[in-house]
Number of protein chains: 2
Amino acid sequence: MERTKKITIQDVARYTNVSVGTIDRVIHNRGRVSPEKRKKVEEAIKKLNFNPNMLARTLALGNQFTVCALIPSVPSPGHYWSMPLQGLEMAAAQFKDYGIITEYFFYDLFDEKSFIKQAGKIAELEPNGVVLAPLFLQESKNFTEKLRKKGIPYIFIDADIPDDQSLSYIGPDVKQSAFIAGRLLNSVLPEKAEILIVNMVKGFENASAQRRIEKGFKDYFNKIGQEENKTIHTLTIQSTQKEEVFRELTKFYIKYPAIKGVFVTNSKAFLIAEFHRLHYLNIRLVGYDLVPDNMEQMKNGGIDFIISQSPVQQGKRAIQTLFDYFVWKKEPQKIQYVPLDIIICENLDFYINFNRHSQNGINNNQ
Amino acid sequence: MERTKKITIQDVARYTNVSVGTIDRVIHNRGRVSPEKRKKVEEAIKKLNFNPNMLARTLALGNQFTVCALIPSVPSPGHYWSMPLQGLEMAAAQFKDYGIITEYFFYDLFDEKSFIKQAGKIAELEPNGVVLAPLFLQESKNFTEKLRKKGIPYIFIDADIPDDQSLSYIGPDVKQSAFIAGRLLNSVLPEKAEILIVNMVKGFENASAQRRIEKGFKDYFNKIGQEENKTIHTLTIQSTQKEEVFRELTKFYIKYPAIKGVFVTNSKAFLIAEFHRLHYLNIRLVGYDLVPDNMEQMKNGGIDFIISQSPVQQGKRAIQTLFDYFVWKKEPQKIQYVPLDIIICENLDFYINFNRHSQNGINNNQ
DNA sequence: AACAAAAGTGTGGGCGCACACACAATTTAT
DNA sequence: ATAAATTGTGTGTGCGCCCACACTTTTGTT
């Protein structure tokens, strides 16, 4: 078909009888151009509908930006943190040719020392930007303070530290996610029922998130005026080890045998599901995150609902945001909540498949 | 920080003591290079980890691709089809500088003549690729046949024509979406209940999709062994006009006053919700698509679940797929199902907000 | 052997843009 | 008045890559 000739800076120059240099000057308005010509050029740009070719611009500028990502390591293939990582990598590939260089620093989810160590490395590198999952509260605060002093912008993913001067937070609205959990669990429970919230903590993870989840969950039942009908217990287990969890659960269920629904505030709902299955307990279960263990339990009916917080998106978005910030000088929104997907047995497969394949990415040709 | 010098074709040339021309020849293996040098170059590329800069390549090649999108027009701001369009536009902006030129052709959802007319225009233009929503079955078949003859690849979005030789289908798995609807409705219904499926058709839309939805919905109840407990009625209304719909509903509900749950197979669930509200009917309701009217009814409790089929994603994906096909010569998957999001009152806002803002897009800086 | 054809290789121009620099036309300072 | 600083403008080079073309060497043919 007849090609709509794309107009270049040269076309504008010819049209206005000035040199490309002048055009360039008015585009970047760095002065040195007479008012008349400037006006003529500006009009021509409008009239010809000229937009600079970003590829050429990027190529000509040739500047580079390094961004460091500080996230938990991925101990096993299907682990939760493989998903944000995947998103980061996809976006990194996409923007590679734009001069975005992405480096990854992994820390042990249960060892704040490793966090400090890796954070130190990043601080030393002095990158142009940082993406971090601030799972250790105090250590993260120390780190971001250092970054602030050096003038390095940083973005939180997955968990937030409110009131911190981060460039942006990209992750779930935890309170709302708890509301959803409440709603979902409530929908499959009888009018009157006892409910259990299970917290599992190990190490010194950013526990404020868990507390906010718990609160949101309870708030939901207040909000809908069900606080009379539903008794909500809380069980906090200082481990994610199966044996330990099972022991605590046994103890609890003996004491409170009337539990009809359970809400697990982290990605370990599958443990509870296993327990239920083992003891032939017919208890509704809601949990977080589309990890393989949870998917398996969902498929065989041990988990009723999974709330997924777009982990891949989070990674992608983070890089995207920094890219926009660096290259287009676009100030991001301070808070970027991601979709909270409700997963049930029936739509499970789509979420698995859709995110696997070359979701997007300019450059996924190898 | 010390910048990881990105290696170029020149570096490879210097390293291997051959000219860039030769390097270029082996990269695109278009022959004319002796076996020894070829080997040396290939090794060097591996060793130096050279990847060609896609920006430079695109710039140098300078070829253009026109893609035409044939979709329903957007009669009002919040209309369903504004969302796929939004996705198309976002992706179009993203790939503009890569030489992808996107043109839109709109047809009237209720007028197959307009479809034929617009399709004719596209055929005349002979673009490099086409994205179409094949809502008119026969007309679409005629169109794609013409495209096939001309060797123009095309992609279906939103609705599929099975067994057609399209490059790809990007849209929901309708059967599965109906399963989800069944599951959701069932979860909020008593053990024994009467259910109503409402079809609304106007004009000659691709009705096979609706039939597949209906079948999938019924299949779900068979699958879970509830066909005994649930009586499923079907009501087909030949209009989407409020008055007409209300009249038919009245007639139906008088005849079958025991209906406890309704499943609407298109995006007009809000009409049913209004009717229920008007007559103080406490009936559970499941429908499709996050259009403003539905959102409003969901907020005031008239709709329990909305299933959303990632409309924005569909548009984005379509352009992305053609881009990959043209520029990277990447053969797409024949079927690309999109996520089926389950929307409830509690997560509604996220879906609204998240898709509005610069979801992504290299080039959204103006 | 002589010469044509083919294979192998390097050079240079161009894609669209940014920017440094040279120079001309001012304006300002001395 | 002249030198100096300032403003206005054009030219040229390079970003990394692709490709047409000229050139050299090898191979094949009668």
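All chains are named by letter (A, B, ...) in the order of the sequence lines, taking the proteins before the strands, and each is independently numbered beginning at 1.
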Given protein heavy atoms under 4.0 Å, the one-letter contact record of nucleotides 16-22 of chain D, with B base, S sugar-phosphate only and - none, is simply BBSB---
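- Applying the ring pair (Phe, Tyr, Trp, His ring centres under 6.0 Å) rule to A:Tyr325 yields no partners; only residues at least two apart in sequence or on another chain are considered.
- The main-chain N or O of A:Thr8 is found under 3.5 Å from a side-chain atom of A:Asp11 such that the two form a donor-acceptor pair.
- Under the side chain to side chain contact (heavy atoms under 4.5 Å, CB included) rule, B:Val67 has a single partner from B:Leu88, B:Asn128, B:Ile100, which is B:Ile100.
- The closest donor-acceptor contact from the side chain of A:His28 to the backbone of A:Arg30 lies at 3.5 Å or more, if one exists at all.
- In the helix from C:dA2-D:dT29 to C:dT30-D:dA1, the rotation axis of the first five pairs and that of the last five pairs differ in direction by 50°, rounded to 10 degrees.
- Under the 3.5 Å distance criterion, the side-chain polar atoms of B:Gln314 are matched with a main-chain donor or acceptor of B:Gln309.
- At a threshold of 4.5 Å between non-hydrogen side-chain atoms, the residues B:Ile71 and B:Phe106 count as touching.
- Looking at residues two or more places apart in sequence or on another chain, you find no salt bridge (Lys or Arg N to Asp or Glu O under 4.0 Å) involving A:Lys46.
- Taking A:Phe115 as the reference, A:Tyr107, A:Phe136 meet the ring pair (Phe, Tyr, Trp, His ring centres under 6.0 Å) condition, with sequence neighbours excluded.
- Side chains of A:Asp158 and A:Tyr169: no donor on one and acceptor on the other come within 3.5 Å.
- Using a 4.0 Å cutoff to heavy atoms of chain A, the contacted part of DNA chain C runs 5' to 3' from C:dG16 to C:dC19.
- Considering only side-chain N and O atoms, A:Arg32 lies nowhere under 4.0 angstrom from the phosphate OP1 or OP2 of D:dG8.
- Taking 4.5 Å as the limit, some side-chain heavy atom of A:Gln336 sits within range of a side-chain heavy atom of A:Ser168.
- B:Asp11 has its CG atom 11 Å from the P atom of D:dC15, to the nearest Å.
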